[in-house]
Amino acid sequence: VLPLDLRLALGVLQTLAEAQGSRTDALTEEEPGRILHELRRGPASSLPLGPGGAYYGSVDATPLFVMLLGELRRWGQAPSDVDALLPHADRALDWIVNFGDRDGDGFVEYRRSTDRGLLNQGWKDSADAICFADGARAETPIALAEVQGYTYAAYLARAHFAVETGDTSVADSWIERAMRLKEAFNEAFWLPDKGYYAMALDRHKRPVDALASNMGHCLWTGIIDEARAEYEVTYRSRRDTTWAGDAGGDGTADGGRRAEVRRFERQHLIVLGERRFELDQCRAGPDGDDEFRRRVVDDAAVFARVEWLA
């Protein structure tokens, strides 16, 4: 909805910024700079995921926070609104670097702090969501493919903010970090014998080779090498819409409306990713960014007309 109305995204970011982690708490998995996973009120606040209703066990919310702030600015949000949230983005980036990358290999991983927390902390958070092609469960710490894409986009977003203020040294440092991550990702996650990217790396840095929708998000964020993007798109175009571990959108087979909404969400991101590589060609044409923006607005209007999602 960003091309149509920026207010919803701004409100989401402002609300999340208010609840951003400020201390270390193993039970709630709160850490300085970490973005909230969920907040429960009323009777639901007594459920196991963190006392007091707040729970921070999410590996993707924090890079997505920075990424969304960058998109908000790109689509024309007033600089004063974005500037007010920039300190929160910097705290989120500090979390990514100091807490998210747990072993210093450059990838953002997750592992729960206690046995009360979510075993899997990406957008697929069922206990059996991250599995190898043979059905074996991946062991944590796990580095998800899409999270590396979100992180890559977050680094570039921060570089863009630095460029706007004329701070070229800061911009260069974030661009360099993004390029290192992209190179490492394409080296570690690409499966040449299968022609697609791994869903994740497990605790032993083994690629999790089940075919799923996670890797499609990487098209959207741009972390995939352009030379391999065509392989990823082509492979997906000749597969069924339900991939390994994706029956219910989060690794379950619950079916129903929730599965349909999740299926739309992931297909939406993958289609946007495919369009990204097509639309990049528009910028080289005679109309440049004007043509790019027009096509993206057209895409947003199409997705907004999906009646069953309302």
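One-based numbering along the sequence shown.
Among residue pairs with one or both ends in residues 204-218, those qualifying as salt bridge (charged side-chain N to carboxylate O under 4.0 Å, His left out) are Asp103-Lys205, Asp105-Lys205, Glu109-Lys205, Asp202-Arg206; sequence neighbours excluded. Among residues at least two apart or in separate chains, salt bridge (charged side-chain N to carboxylate O under 4.0 Å, His left out) pairs with a member in residues 161-186 are Arg73-Glu164, Glu176-Arg180. Among residue pairs with one or both ends in residues 138-148, those qualifying as salt bridge (charged side-chain N to carboxylate O under 4.0 Å, His left out) are Glu139-Arg203; sequence neighbours excluded.
Side chain to side chain, Tyr56 and Asp25 fail the donor-acceptor criterion of an N or O pair below 3.5 Å. Side chains of Asn120 and Tyr110: a donor-acceptor N/O pair is present below 3.5 angstrom, by distance only.
Annotation for Ala26 and Thr114: closest pair O-CG2, 3.7 Å, computed over non-hydrogen atoms.
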Would you list the atom pairs, donor with acceptor, under 3.5 Å between side chains in residues 7-21 and any protein atom, with sequence neighbours excluded?
residue : atom : partner : partner atom : Å
Arg7    : NE   : Asp5    : OD1          : 3.0
Arg7    : NE   : Asp5    : OD2          : 3.3
Arg7    : NH2  : Asp5    : OD2          : 2.7
Thr15   : OG1  : Gly11   : O            : 2.9
Gln20   : OE1  : His88   : ND1          : 2.8
Gln20   : OE1  : Arg91   : NH1          : 3.4
Gln20   : NE2  : Gly33   : O            : 2.9
Gln20   : NE2  : His88   : O            : 3.0

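A heavy-atom distance below 4.5 Å is found between the side chains of Leu69 and Val82.
Salt bridge status for Arg112 with Glu29: absent, with no side-chain N to carboxylate O gap under 4.0 Å.
Note: the hydrophobic cluster containing Trp174 does not contain Val163 (ILVMFWY, side chain heavy atoms under 4.5 Å, direct or indirect links). Residues Leu68 and Phe161 are members of one and the same hydrophobic cluster, defined by side-chain heavy-atom contacts under 4.5 angstrom among Ile, Leu, Val, Met, Phe, Trp and Tyr. Under the 4.5 Å side-chain heavy-atom criterion for Ile, Leu, Val, Met, Phe, Trp and Tyr, Leu6 and Leu86 are members of the same hydrophobic cluster.
Taking the six-membered ring for Trp, Phe107 and Phe185 have ring centres at least 6.0 Å apart.
For Thr168, there are no side chain to side chain contact (heavy atoms under 4.5 Å, CB included) partners, not counting sequence neighbours. Applying the salt bridge (charged side-chain N to carboxylate O under 4.0 Å, His left out) rule to Asp90 yields the partners Arg158; only residues at least two apart in sequence or on another chain are considered.
For Arg111, the CZ atom is loosely surrounded, since the number of other residues' heavy atoms within 6.0 Å does not exceed 12.
Ring-plane geometry between His217 and Tyr150 is classed as tilted, the angle between the planes lying from 30 to 60 degrees on a 0 to 90 degree scale.
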task = Begin with the C-alpha distance, continue with both residues' side-chain angles, and end with the deciding distance and a verdict on side-chain hydrogen bond (donor to acceptor under 3.5 Å, both in side chains) for Asp60 and Ser58.
result = CA-CA 6 Å; Asp60 52 12; Ser58 166; 2.8 Å; yes
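For the atom pair CD (Glu31) and OG1 (Thr28), the distance works out to 9.0 Å, reported to the nearest 0.5 Å.
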